[in-house]
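This chain uses plain numbering: 1 for the first residue, then up along the sequence.
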Amino acid sequence: MMDILNSLAGFSSSAVGVLAPFLFVLTAVIFFHELGHFWVARRCGIAVEAFSLGFGPELFGFDDRHGTRWKVSAIPLGGYVKFAGDHGPASTPDEEVLDHLSAEQRATNFHFKPKWQRALVIVAGPVANFVLAIAIFAGIFMAVGQQASLARIDQVQPGSAAELAGFQPNDLVLSIDGRKIGSFFEMQRLVMASPDQTLRFEVARGDEKVTLD
């Protein structure tokens, strides 16, 4: 019985360990996606009734000075921006409401805006996700850098051009034709782009530098 309980406890902790990061990432992606729609809609003078993270009953929220209800809902598997005159989260127009809008209300209603503005609002969501992805990867590269292997010779194939040139295992390539080499990928790319050409390699071999053609 204890083994079964321990297995269940381990499974539940494992499930939470996977589910929590998934929901966090999903929420962040959805938030920026919907923020793209929201930001462009505001710039186009469109009235936004609600900005929700999740679906279903509201858990908590607040109203901003423009009358938008910012809220977190019970089902954390999505989100939406609801414009004035929408029938639901999918921005389906409520024809009965639209037919009775005043001229002032029509001026701020999504469904009465020019097509180019509506198109911008729709496209803004995916664009916001692209911007988020670029920002995340740029931050990772600035903070961590990019992994790269040194241009070190692991082994030399018998009878190859490298053996004929005099390369030895553990040689570290410093430059090719005077161009500094910082990674194995750089060396590989330069060699593959120079077929049937003689290249001058400067390599570090122990405590000395050797030049090989």
Side-chain angles (χ1 to χ4, degrees), residues 13-44 51 53 76-81 114-213:
S13 62
S14 167
V16 171
V18 172
L19 187 61
F22 169 75
L23 289 178
F24 175 78
V25 172
L26 180 66
T27 300
V29 170
I30 291 170
F31 175 78
F32 276 92
H33 180 93
E34 298 302 328
L35 191 63
H37 293 311
F38 173 83
W39 189 84
V40 174
R42 277 279 177 85
R43 297 302 172 280
C44 293
F51 186 116
L53 282 179
L77 295 175
Y80 61 89
V81 170
K115 288 183 179 179
W116 67 270
Q117 289 189 353
R118 283 180 281 164
L120 284 178
V121 171
I122 293 170
V123 169
V127 170
N129 287 140
F130 279 114
V131 172
L132 175 63
I134 292 169
I136 289 174
F137 281 110
I140 291 173
F141 284 134
M142 287 189 290
V144 180
Q146 183 177 10
Q147 290 187 345
S149 301
L150 293 175
R152 189 178 297 278
I153 307 302
D154 183 41
Q155 59 181 336
V156 179
Q157 295 294 331
S160 64
E163 184 186 52
L164 295 175
F167 280 97
Q168 297 180 12
N170 292 322
D171 283 350
L172 178 63
V173 177
L174 302 176
S175 67
I176 300 177
D177 283 347
R179 176 177 174 178
K180 289 185 178 180
I181 299 298
S183 68
F184 190 87
F185 174 74
E186 283 185 75
M187 177 182 69
Q188 185 182 47
R189 182 177 59 183
L190 191 57
V191 170
M192 292 180 65
S194 309
D196 301 321
Q197 297 182 36
T198 300
L199 302 175
R200 173 150 293 187
F201 287 73
E202 183 183 30
V203 303
R205 181 176 296 166
D207 296 329
E208 61 178 342
K209 291 183 180 180
V210 180
T211 300
L212 303 171
D213 292 327

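Residues satisfying the side-chain hydrogen bond (donor to acceptor under 3.5 Å, both in side chains) test with E202, not counting sequence neighbours, are S175. V131 pairs by the side chain to side chain contact (heavy atoms under 4.5 Å, CB included) definition with V127, not counting sequence neighbours. Considering only residues two or more places apart in sequence or on other chains, D213 meets the side chain to side chain contact (heavy atoms under 4.5 Å, CB included) condition with T198, R200. Remark: R42 engages D64, T68 in a side-chain hydrogen bond (donor to acceptor under 3.5 Å, both in side chains) (not counting sequence neighbours). S160 meets the side chain to side chain contact (heavy atoms under 4.5 Å, CB included) test with V156, Q157, A162, E163; sequence neighbours excluded. Taking the side chain to side chain contact (heavy atoms under 4.5 Å, CB included) definition, one finds that Q197 meets it with S194, sequence neighbours left out. The side-chain hydrogen bond (donor to acceptor under 3.5 Å, both in side chains) search around N129 returns H33, not counting sequence neighbours. Looking at residues two or more places apart in sequence or on another chain, you find a side-chain hydrogen bond (donor to acceptor under 3.5 Å, both in side chains) between R205 and D171.
Sorted by first and then second residue, the side chain to side chain donor-acceptor pair (under 3.5 Å) pairs involving residues 177-187 (not counting sequence neighbours) form an empty list. Legend: ring-ring contact (aromatic ring centres under 6.0 Å, His included) pairs involving residues 167-213, not counting sequence neighbours, sorted by first then second residue: F167-F201. Residue pairs satisfying the side chain to side chain donor-acceptor pair (under 3.5 Å) criterion with at least one member in residues 18-28, sequence neighbours excluded, are absent.
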**Request:** Evaluate side-chain contact (heavy atoms from CB on, under 4.5 Å) for N170 paired with I153, printing each intermediate quantity in order.
**Result:** CA-CA 5 Å; N170 292 322; I153 307 302; over 6 Å; no
**Request:** Start with the C-alpha gap between L35 and F51, add the side-chain angles, then the distance that decides, and say whether side-chain contact (heavy atoms from CB on, under 4.5 Å) holds.
**Result:** CA-CA 8 Å; L35 191 63; F51 186 116; 4.3 Å; yes
**Request:** Go through the steps to decide whether V173 and R152 satisfy the test side-chain contact (heavy atoms from CB on, under 4.5 Å), and finish with yes or no.
**Result:** CA-CA 6 Å; V173 177; R152 189 178 297 278; over 6 Å; no
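Contact detail for H37 and A124: the closest heavy-atom pair is N-CB, 4.0 Å. The shortest non-hydrogen separation linking G36 to A128 is CA-CB, 3.9 Å.
Shown are L150, L172, L190, L174; of these, the side chain to side chain contact (heavy atoms under 4.5 Å, CB included) with I181 is made only by L190.
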Enumerate donor-acceptor pairs with a distance under 3.5 Å from any side-chain N or O in residues 134-143 to protein atoms, sequence neighbours excluded.
none

